There are 2 protein chains.
Amino acid sequence: MPKSISDSAHHRTPLTRERVLRGAVEIADAGGIGSLTIRSLAQHLGVKPMSVYHHVANKDEILDGIVDLVFTEIELPSAGDDWRTQMRRRANSARLALSRHPWAIGLMESRTTPGPATLRHHDAVIGALRAAGFTVEMTAHAYALLDSYTYGFALQEAALPFKGTETVAGVAEPMMRQFSAGEYPHLVELATDHVLRPGYDFGNEFDFGLDLILDALAKSRPDPST
Amino acid sequence: MPKSISDSAHHRTPLTRERVLRGAVEIADAGGIGSLTIRSLAQHLGVKPMSVYHHVANKDEILDGIVDLVFTEIELPSAGDDWRTQMRRRANSARLALSRHPWAIGLMESRTTPGPATLRHHDAVIGALRAAGFTVEMTAHAYALLDSYTYGFALQEAALPFKGTETVAGVAEPMMRQFSAGEYPHLVELATDHVLRPGYDFGNEFDFGLDLILDALAKSRPDPST
DNA sequence: GCACCCGCCGTACTTAGTACGATAGGCTAC
DNA sequence: GTAGCCTATCGTACTAAGTACGGCGGGTGC
């Protein structure tokens with residue numbers, strides 16, 4: 001029964017599992033997964049620590065929950081498109097979601113109980129591949145390949161020694177100078193001749209590999225017309 | 001206070017940074033990265049907690065160190081082989097190292113300061129690609145692609161809801177039954193028709209994608225003779 | 001033989017997860 | 001309406017973990 005507007009003054013919007021998980025994502029986004037503590041989360045939610053335990057069993061459940069929340073953000077294949085477009089959009093969407101929430105990659109390794117959004121996601125992609133005419137076996141191959149590439153790329157992006165886009169040179173320059181001694185000549189060559197050049201953006205590498213993979217997969221379809 | 005004769009007990013092999021890191025790897029291997037604490041590590045080394053701080057600055061340095069130790073285990077390309085063999089061996093070796101130490105994948109996301117073994121590894125692989133005739137730009141493409149795939153595959157292996165090889169059916173069977181309701185039809189199809197079949201081993205998927213990638217990369221070399 | 005240094009350790013402070021039970025404010029049944 | 005109850009929130013407190021700070025003992029250089 002909604003009555004008074006001043007309801008919120010006395011009663012902040014009630015806590016829910018949903019709000020707990022969203023708050024956890026916000027904290028992890030802002031300060032890394034290390035800054036996500038029950039206490040920091042409670043404070044962010046305007047609540048005392050023990051209150052969150054009425055909506056989740058323990059911190060592990062929060063971690064499982066936010067990983068699943070990230071999967072929520074990944075675009076599912078839409079029926080209208082051809083399979084390559086579906087896969088490309090899905091992969092890009094996944095990569096972007098993981099780069100918005102880099103901590104999710106690290107969590108995936110330890111959380112072995114996928115949530116509903118994760119399962120729904122897997123199911124949709126597998127379904128799209130099957131619908132595109134891939135055999136069950138080829139679907140397994142293709143899915144493992146596409147997912148590995150996507151997650152792995154996101155992992156590398158997260159592990160880059162810098163965060164933004166253009167800062168590459170600024171951060172890598174001194175690092176390179178240190179290596180000039182000659183310990184890592186090929187690394188230095190690649191960096192100075194390519195990566196540190198003005199318009200380079202590691203994120204663009206993603207499309208190269210993705211196209212290469214999709215092209216190669218296309219050849220293994222029964223009907224290579226599309 | 002027995003300042004006594006039994007000095008032999010007191011004379012354990014002296015602690016070193018090396019021994020600290022190796023001990024840390026052993027603990028993480030045995031019980032997961034979560035079980036690696038300064039105290040557990042000290043006990044494992046037969047020493048008191050504060051002693052380890054004479055060899056590492058803090059726990060973060062330990063984490064950086066053990067990631068680098070894992071890279072130590074990855075086979076570097078050997079000059080004799082042709083580039084595809086080099087890349088294949090390197091990728092397989094990396095995958096195996098990461099599956100021996102799955103916690104390393106999760107750590108890679110948060111540790112953005114690569115150690116010497118990591119740098120040496122990158123340098124060697126880049127050097128092998130350059131020596132194989134790839135342009136600088138193609139080397140960047142190829143390396144991002146191969147590494148992404150390798151790490152991503154290892155990540156998926158680590159995230160599998162089971163550990164061993166043959167246990168797949170045993171663990172997945174009940175899970176599947178729960179899904180039979182029809183929420184994830186394609187996932188169920190893939191599982192029952194393929195993954196849960198007797199000789200299936202997810203690890204074998206690795207070679208499929210790796211060969212596909214290497215084949216495609218070969219076409220982009222200036223001299224596609226080898 | 002002595003002072004010094006280095007590697008090890010005891011103590012203790014701080015932060016984090018969370019068990020246990022209390023409480024408050026509304027809601028149900030009479 | 002009112003007694004009791006239910007549920008979301010909270011207070012307290014215990015445990016585990018990272019680590020600052022200073023002490024100590026034994027081996028070394030002179």
Side-chain angles (χ1 to χ4, degrees), chain A residues 1-24 26-28 30-67 103 106-107 110-111, chain B residues 1-24 26-28 30-67 103 106-107 110-111:
Chain A
M1 284 279 109
K3 353 73 220 298
S4 104
I5 285 187
S6 62
D7 225 4
S8 55
H10 296 255
H11 257 99
R12 45 225 163 209
T13 26
L15 219 49
T16 62
R17 180 187 158 91
E18 173 94 9
R19 266 172 39 81
V20 166
L21 294 182
R22 290 202 184 286
E26 285 160 18
I27 290 191
I33 197 67
S35 73
L36 173 59
T37 70
I38 296 291
R39 293 169 215 263
S40 69
L41 175 56
Q43 182 163 18
H44 181 70
L45 295 169
V47 123
K48 292 303 163 66
M50 287 316 289
S51 301
V52 332
Y53 283 101
H54 265 267
H55 301 93
V56 294
N58 50 40
K59 190 171 177 180
D60 270 3
E61 193 175 306
I62 295 180
L63 298 180
D64 283 333
I66 61 180
V67 169
W103 42 263
L107 285 185
S110 48
R111 330 261 97 221
Chain B
M1 320 235 71
K3 53 162 64 326
S4 72
I5 344 286
S6 60
D7 256 355
S8 60
H10 302 157
H11 232 82
R12 48 217 160 209
T13 27
L15 219 49
T16 61
R17 180 188 157 90
E18 172 93 10
R19 269 172 37 82
V20 166
L21 294 181
R22 291 207 184 284
E26 286 161 18
I27 291 192
I33 196 66
S35 73
L36 173 58
T37 71
I38 296 291
R39 293 167 212 265
S40 70
L41 175 56
Q43 182 162 18
H44 181 69
L45 295 168
V47 124
K48 291 303 163 65
M50 287 316 291
S51 302
V52 332
Y53 283 100
H54 266 267
H55 302 92
V56 294
N58 49 41
K59 190 171 177 181
D60 270 2
E61 192 175 308
I62 296 180
L63 298 180
D64 283 333
I66 60 180
V67 169
W103 41 263
L107 285 186
S110 47
R111 325 266 100 218

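Predicted model, so just to flag it, every value in this text is computed and none were measured. Side chains included, hydrogens not; waters and symmetry mates left out as well; all remaining heavy atoms used.
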Taking the minimum atom-to-atom distance to the side chain of B/V47, which one of C/dC8, C/dC9, D/dT12 wins? C/dC9
Please report the distance, rounded to the nearest Å, between NZ in A/K48 and C1' in D/dA13. 16 Å
To the nearest Å, how far apart are B/L36 CG and D/dA16 P? 17 Å
Look at B/H54 and C/dC9 and indicate whether a side-chain polar atom (N or O) is within less than 4.0 Å of OP1 or OP2. no
So do the side chains of B/D64 and B/L107 get within less than 4.5 Å of each other, counting heavy atoms only? no
Taking only side-chain N and O atoms of B/K59, does any of them lie within less than 4.0 angstrom of OP1 or OP2 on D/dG18? yes
Which whole-number value in Å describes the distance from B/Y53 OH to C/dC13 P? 18 Å
Between C/dG10 atom P and B/M50 atom CE, what is the distance in whole Å? 12 Å
Using whole Å, report how far CD1 of B/I27 lies from C1' of D/dA17. 13 Å
Expressed as a whole number of angstroms, how long is the span from B/L41:CG to C/dC9:C1'? 15 Å
Could you state the atom-to-atom distance from CG of B/L63 to P of D/dG18 in whole Å? 9 Å
The side chain of A/H55 is closest to which nucleotide in this list: D/dA8, C/dT18, C/dG10? D/dA8
A/R39 side chain, from C-beta outward: closest of C/dA12, C/dT18, C/dG10: C/dT18
Has the side chain of B/R17 got a donor or acceptor atom that lies under 3.5 Å from a matching backbone atom of B/V56? no
Check this for me, if you would: do B/R22 and B/E26 make a salt bridge, where the nitrogen-to-carboxylate-oxygen distance has to be below 4.0 angstrom? no
Whole-Å gap separating C1' (D/dA8) and CZ (A/R19): 13 Å
Is any side-chain heavy atom of A/L63 closer than 4.5 Å to a side-chain heavy atom of A/L36? yes
Nearest-neighbour nucleotide for the A/S51 side chain, D/dC10, C/dG7, C/dG17 considered: D/dC10
B/H54 versus B/L15: any side-chain heavy-atom pair under 4.5 Å? no
